[in-house]
Amino acid sequence: MTPCFALVDCNNFYASCERLFRPDLRGRPIVVLSNNDGCIVARSAEAKALGIRMAVPLFEVQEQLLHENVQVFSSNYALYGDISARVMNILQQMVADIEVYSIDEAFLDLNSIDSASSLEVFGIQIKQRIQSWVGISVSVGIAPTKTLAKLANNAAKRYRKTAGVVDLTSQQRQEKLLNITPVKDVWGIGSRLAKQLNNVGIDTALQLARSQPGWIRQQFSISVERTVRELNGLSCIDMESSPPAKKQILCSRTFGVRVTDYKDIHAALCKHCERAAEKLREQGKQARAVSIFIKTSPFNPNASYYRESASCILDTPSHDTRDITQAAIQLLKTIYKEDLLYMKAGVMLADFYESGTFQTTLWDKPSSFRNSTALMQAIDKINKSGKGHICFAGQQRSNDWKMKQEKLSPAYTTRWSDIPSIR
DNA sequence: TCTGGGGTCCTAGGACCC
DNA sequence: TCTGGGGTCCTAGGACCC
């Protein structure tokens, strides 16, 4: 049986979430900013129509936003995460197997659905149900491979006539769409590859599909070869129903303001270690490799760019926040330089082990902390309860370095005090 | 003044082994 | 004169995704 995938993708997701509890914003342009209010990461249809580009720094368009009366929001992940969970929940009820691909999109395995109705009708059902149960509008692309389903979804978004659902199972329709799709719009082809492909005369998705897979592999990589095959309807990228175990965990943030003091960077790093260790424990893993980095702004013309990282291997893997923090701070001491304006710091964990599976040698030192597991479990439980937050002292009180979020909307669906009331 | 965060995969090259 | 062959592991860097 030929496989069949659907890609369901929310339209202008962050902007749609912001509008969900603000009916007064219907029809008005909205943009959502990245962490730290730095760049534009989402735009409503109206904002797109004004020509506001994706990923542009806020300061470059500030005047235009003001002039066009665009509503600006900081990222509100509590809200987006909750709305996303509701959408995914509905999809899970409609098919046997889904892969949550990102916060606003999921692949569906359509082989299991009742073949009595057409695929397109099923797509329309998905769209209508999410619209009426959650209030979010989605687009649906259906095809025999994930890469084609992505393209079908783009078409569903782009062409009004499709009403938001495109069934691309017919080969004839595939060719028609590939022919009018620039190669840069193909999933897996980024700007660099697009340029290289253009240089050898491949401008459209159809031209890429018609090229020799072996030659493509030789010239580019096995990933691009896979893309060629997928464009021809041969499924090479399977569903991943449960997310694969992480191989690394990264926590980093740009500071709200530039910082110079060691104590501020120390505090930020402690916070990042706490979150990284928490994520590690969620995976049920222990890490052996710890690395950190600090950097100044690459955009400052008056100072040279400083970026340094350092890493170490723990004697025995650990999931104890204290082990990880201790290692990180030791590393920080080796790369911190005075009198620089730091922009960002982060910590990365890697080399993961299941608890208790690591073979120690006679001379390895175990974690210096006893009762680690029970203590960490207790901390995680308290921090997830919503009743309070326990942290280690290294984070200090200073807030100088914390993220800028000046336009944050309420956590409408996840905090009691923020629930909208109707008068 | 001001430029996000968190990931994955692939390849090449060096070190090292027998 | 002549300097093997086959392999693993690790790391850095490049590319991609949302």
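Order of the sequence lines fixes the chain letters, A, B, ..., with proteins taken first and strands second; residue numbering starts at 1 for each chain. Side-chain atoms are counted along with the backbone in the values below, which use heavy atoms only and exclude waters and symmetry mates.
Taking atom CD1 on A:I216 and atom C1' on B:dC10, their separation rounds to 16 Å, with Å as the unit. Taking atom CZ of residue A:R258 and atom C1' of nucleotide B:dG4, one finds them 12 Å apart after rounding to whole Å. When rounded to the nearest whole Å, the span between CE of A:M403 and P of B:dG4 equals 13 Å.
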Dot-bracket for DNA chain B, 5' to 3', counting Watson-Crick or G-U wobble pairs under 3.5 Å, with [ ] for crossing pairs and | for inter-strand pairs? ....||||||||||||||
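Between A:F107 and A:W187, the ring center distance clears the sub-6.0 Å criterion. Ring centroid separation for the pair A:Y305 and A:F299 does not come in under the 6.0 Å cut-off.
The environment of CD in A:Q171 is sparse: at most 12 heavy-atom neighbours from other residues, nucleotides or ligands sit within 6.0 Å. Surrounding CD of A:E63 are at most 12 heavy atoms belonging to other residues, nucleotides or ligands under 6.0 Å away.
Within the 4.0 Å cut-off from OP1 or OP2 of B:dC9, not a single side-chain nitrogen or oxygen of A:R226 is found. For A:K150 and C:dC18, the shortest distance from a side-chain N or O to OP1 or OP2 is below 4.0 Å. Regarding contacts with the backbone of C:dA15, every side-chain N or O of A:S221 stays at 4.0 angstrom or more from both OP1 and OP2. Proximity of A:R217 to the phosphate of B:dC10: no side-chain N or O atom is located under 4.0 Å from OP1 or OP2. Put simply, A:K246 has no side-chain N or O that comes within less than 4.0 Å of OP1 or OP2 on B:dT8. Contact annotation: A:K184 side-chain N/O to C:dA15 OP1/OP2 distance is not under 4.0 Å. Within the structure, a side-chain polar atom (N or O) of A:S252 is placed less than 4.0 Å from OP1 or OP2 of B:dG6.
Here A:E105 pairs with A:K150 in a salt bridge; the nearest charged N to carboxylate O distance falls below 4.0 Å. In this structure, A:R229 pairs ionically with A:E225, as a charged nitrogen and a carboxylate oxygen lie closer than 4.0 Å. With salt bridges taken as basic N to acidic carboxylate O contacts below 4.0 Å, none links A:E282 and A:K279.
Checking B:dC10, C:dC16, B:dG5 against the side-chain heavy atoms of A:R253 singles out B:dG5 as nearest. Here B:dT8 is the nucleotide among B:dG6, C:dA15, B:dT8 with the atom lying nearest to any side-chain atom of A:Q248.
For A:F299 and B:dT3, the ring-to-base geometry satisfies the stacking test (centroid distance below 5.5 Å, interplanar angle below 30°).
For DNA chain B, the residues of residues 58-66 of chain A within the heavy-atom distance limit of 4.0 Å (strictly under) are A:F59, sorted by number.
Comparing the P positions of C:dC18 and B:dT3 gives a spacing of 25 Å, expressed to the nearest Å.
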